[in-house]
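What follows is a set of notes on a single structure, which appears directly below.
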Amino acid sequence: MSTIFSGIQPSGTLTLGNYLGAMKHFVDLQEEDNCYFCIVDEHAITVPQDRLKLRENIRSLAALYLASGIDPDKSTLFIQSEVSAHTQLGWMLQCVSYIGELERMTQFKDKSTVGKEGVSAGLLTYPPLMASDILLYQTDIVPVGEDQKQHLELTRNLAQRFNSKFNDIFTVPEVSIPKVGARIMSLQDPTKKMSKSDENQKSFISMLDDEKKIIKKIKSAVTDSDGIVKYDKENKPGVANLLTIYSICTGKSIPSLEEEYKNKGYGDFKQDVAEAVVKTLKPIQERYEELIHSDQLDEILDKGAEKASFTANKMLQKAKKAMGLGRVK
Ligand code: TYM
């Protein structure tokens, strides 16, 4: 049995990209493995957040995890800030990280274009906190979308560096990125990834969008003018993105979809993609509505934090001992 860890930021309602690239895969993993799924609220505050909105997003993300099929009897679901070992080990890992390697992270570069006076130090030290999330649980595998690959490489480097400098205590995790859907693209600019922080609401489908909105957004998705439903990421990124979404939502292969739409136009194609997305999200949305106001949600999160703390604290003690922090007890 492997240990799995993954996290999602509560920085807005999740997109179809988050679901198809990450969350959907979590559900299958919990059948065989020891899984930890985290609501990484401390990562979310690396950029400004409205206090009340953040609280709402944390609860909403917990309900979405459960609605999408995370079973609290099989997986540990918890909030990062409720397990203090994360920031404690995060600090220690910051002290083994180099500023240079953190400044080279593409996500830091993309988000810090306003200049060093305009971004928080937390945005720079975000990856050692992520490494801490993962390393506290002796994680073997981290299922994520493609945009997290670089952070995972850094996590591996930090684990190896710590193990060789201090003591060999951390498991060096492997990353698991899905073959299809690891990078769902924006519907308005299919050369950019679909993101919940995009200002253009038409560029992403939120997991809680209703049927009408989903249909409207997919119908207005940017494609091209040649009218052929074919997977060509370079020359037809919009159509390739819709084919990817359609394929994951229906389980049909991309070549079989190309064949099915050989003599049809984009109108029919988009209508069917939209219906497939609605069919995928609707059952999740229905369960979400039942869960969002239930006390059950708090009980699950309390139990999750308790379970996660137990494991994380043991690892934290080992790391403190390895670095010589505190006293020998
Ligand atoms: P976050 O919150 O940005 O995204 C959560 C997960 O969704 C994936 N994802 C996508 N997959 C496909 N297409 C997209 N357009 C798309 N957008 C997002 C992400 O790759 C991710 O798997 N740093 C992480 C959160 C984190 C974490 C961790 C992850 C904190 N600690 C420990 C794993 C392990 C993040 O910002 O993800």
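Order of appearance sets the numbers: ligands from 1, and atoms from 1 within every ligand. Numbers here simply count residues along the sequence, with the first being 1.
- In summary, Glu174 and Arg156 engage in a salt bridge, as defined by a charged side-chain N under 4.0 Å from a carboxylate O.
- One finds a salt bridge joining Glu259 and Lys262 here, because a Lys/Arg side-chain nitrogen approaches an Asp/Glu carboxylate oxygen to under 4.0 Å.
- A salt bridge links Arg59 and Asp298; the closest N-O separation between the charged side-chain nitrogens and carboxylate oxygens is under 4.0 Å.
- Ionic pairing of Glu101 and Arg161 is present here: one or more N-O contacts between side-chain nitrogen and carboxylate oxygen are shorter than 4.0 angstrom.
- Electrostatic pairing of Lys193 and Asp147 counts as a salt bridge here, judged by a charged N lying under 4.0 Å from a carboxylate O.
- With no hydrogens or angles considered, no side-chain donor-acceptor pair links Thr3 and Gln138 at under 3.5 Å.
- At a 4.0 Å heavy-atom cut-off, the residues surrounding ligand 1 are Phe5, Ser6, Gly7, Ile8, Gln9, Gly17, Asn18, Gly21, Ala22, Val40, His43, Tyr126, Met130, Asp133, Ile134, Val142, Val144, Gly145, Asp147, Gln148, Gly181, Ala182, Arg183, Ile184, Met194, Lys196, listed by chain and number.
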